[in-house]
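Counting begins at 1 with the first residue of the sequence.
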Amino acid sequence: MTVSRTATALSALGAAFILYIGLSYLITPETIATGFGLPTWPQGDAVAFLNLKGVRDTVSGLLIIALLAARQRFALGITMLVLALIPAGDMLTVLSWDGSPAAAFGIHGFTAVLVALAGGLLLREHRTGTNTTVDQRVAVAA
């Protein structure tokens, strides 16, 4: 598999996964919140914070899809590197609040690594010139 296809696959899988997570937090927050890794989760009116996570994750997934659809691979690479800070921050939050180290590293840490890997591959692809447009290929062929 080429760098370009690997980066695209990781980005698309990441978008699908985070959309699923985000929509789950919006539709059935009580069923998904327990898997985040924190020892307790919001109760009563504080459950609104789960909606905020749902919105954040849903928009993150839509952003990835939008950049993929627009074929803005360099911008997607930068975006993925920045987005990797979200699961890294989630990991640190879980660890700081005496949550599950397995969830912190296994879910959030692993996600941060995969998102950063996708971003790095996208930037590497741009740097090595493998991201050529149809116009560039036609010009080279002529």
Side-chain angles (χ1 to χ4, degrees), residues 1-43 46-142:
M1 187 177 264
T2 66
V3 170
S4 179
R5 288 182 188 215
T6 302
T8 299
L10 283 173
S11 298
L13 285 171
F17 178 72
I18 202 61
L19 273 172
Y20 168 76
I21 297 295
L23 291 172
S24 295
Y25 270 98
L26 291 172
I27 297 167
T28 57
E30 65 282 349
T31 61
I32 195 164
T34 57
F36 192 79
L38 292 172
T40 60
W41 56 90
Q43 301 290 322
V47 170
F49 281 99
L50 299 178
N51 253 21
L52 297 174
K53 178 169 174 24
V55 170
R56 175 191 81 173
D57 290 349
T58 301
V59 170
S60 294
L62 292 173
L63 177 61
I64 294 167
I65 290 170
L67 289 170
L68 274 171
R71 297 184 179 175
Q72 296 296 316
R73 298 178 69 79
F74 183 73
L76 178 59
I78 294 169
T79 300
M80 295 294 276
L81 289 176
V82 173
L83 287 175
L85 296 173
I86 295 172
D90 290 347
M91 177 186 71
L92 294 174
T93 299
V94 169
L95 292 171
S96 296
W97 288 89
D98 297 322
S100 164
F105 294 113
I107 297 170
H108 306 295
F110 184 65
T111 300
V113 168
L114 287 180
V115 173
L117 175 65
L121 288 174
L122 286 157
L123 293 181
R124 179 176 178 261
E125 168 188 302
H126 181 77
R127 189 184 76 234
T128 60
T130 59
N131 185 22
T132 57
T133 65
V134 174
D135 293 335
Q136 290 170 327
R137 282 180 262 176
V138 170
V140 170

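To the nearest 0.5 Å, the span separating CD1 on Ile18 from CD1 on Ile65 amounts to 11.5 Å. To the nearest 0.5 Å, the span separating CG on Asp90 from CG on Asp57 amounts to 7.5 Å. Note that CG of Leu50 is 10.0 Å distant from CD1 of Ile32, once rounded to the nearest 0.5 Å. Taking CG of Leu67 as the reference point, atom CE of Met80 lies at 10.0 Å (rounded to 0.5 Å). To the nearest 0.5 Å, atoms CZ (Arg56) and CG (Leu26) are separated by 12.0 Å. Once rounded to the nearest 0.5 Å, the distance linking OG1 of Thr28 with CG of Leu23 reads 9.5 Å.
No side-chain N or O of Ser11 forms a donor-acceptor pair with one of Arg73 less than 3.5 Å apart.
Listed here is the closest heavy atom pair of Tyr25 and Ala33: OH-CA, 3.7 Å. Of all heavy-atom pairs between Ser100 and Val94, the closest is O-CG1, 3.6 Å. The two atoms that bring Gly61 and Leu19 nearest to each other are CA-CG, 4.0 Å, heavy atoms only. When all heavy atoms of Leu38 and Thr93 are compared, the pair lying nearest together is CD2-O, 4.2 Å.
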Throw together a table of side-chain donor-acceptor distances under 3.5 angstrom for residues 101-122, partners on residues two or more places apart or in other chains.
from, atom 1, to, atom 2, distance (Å)
His108, NE2, Phe36, O, 2.7
Thr111, OG1, Ile107, O, 2.6

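Side-chain contact between Ile86 and Leu83: present, with at least one pair of heavy atoms (C-beta onward) separated by less than 4.5 Å. Looking at heavy atoms from C-beta onward, Leu123 lies in side-chain contact with Phe74 at the 4.5 angstrom threshold.
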Stepwise, does the side-chain contact (heavy atoms from CB on, under 4.5 Å) test hold for Ile64 with Thr79?
CA-CA 8 Å; Ile64 294 167; Thr79 300; 5.5 Å; no
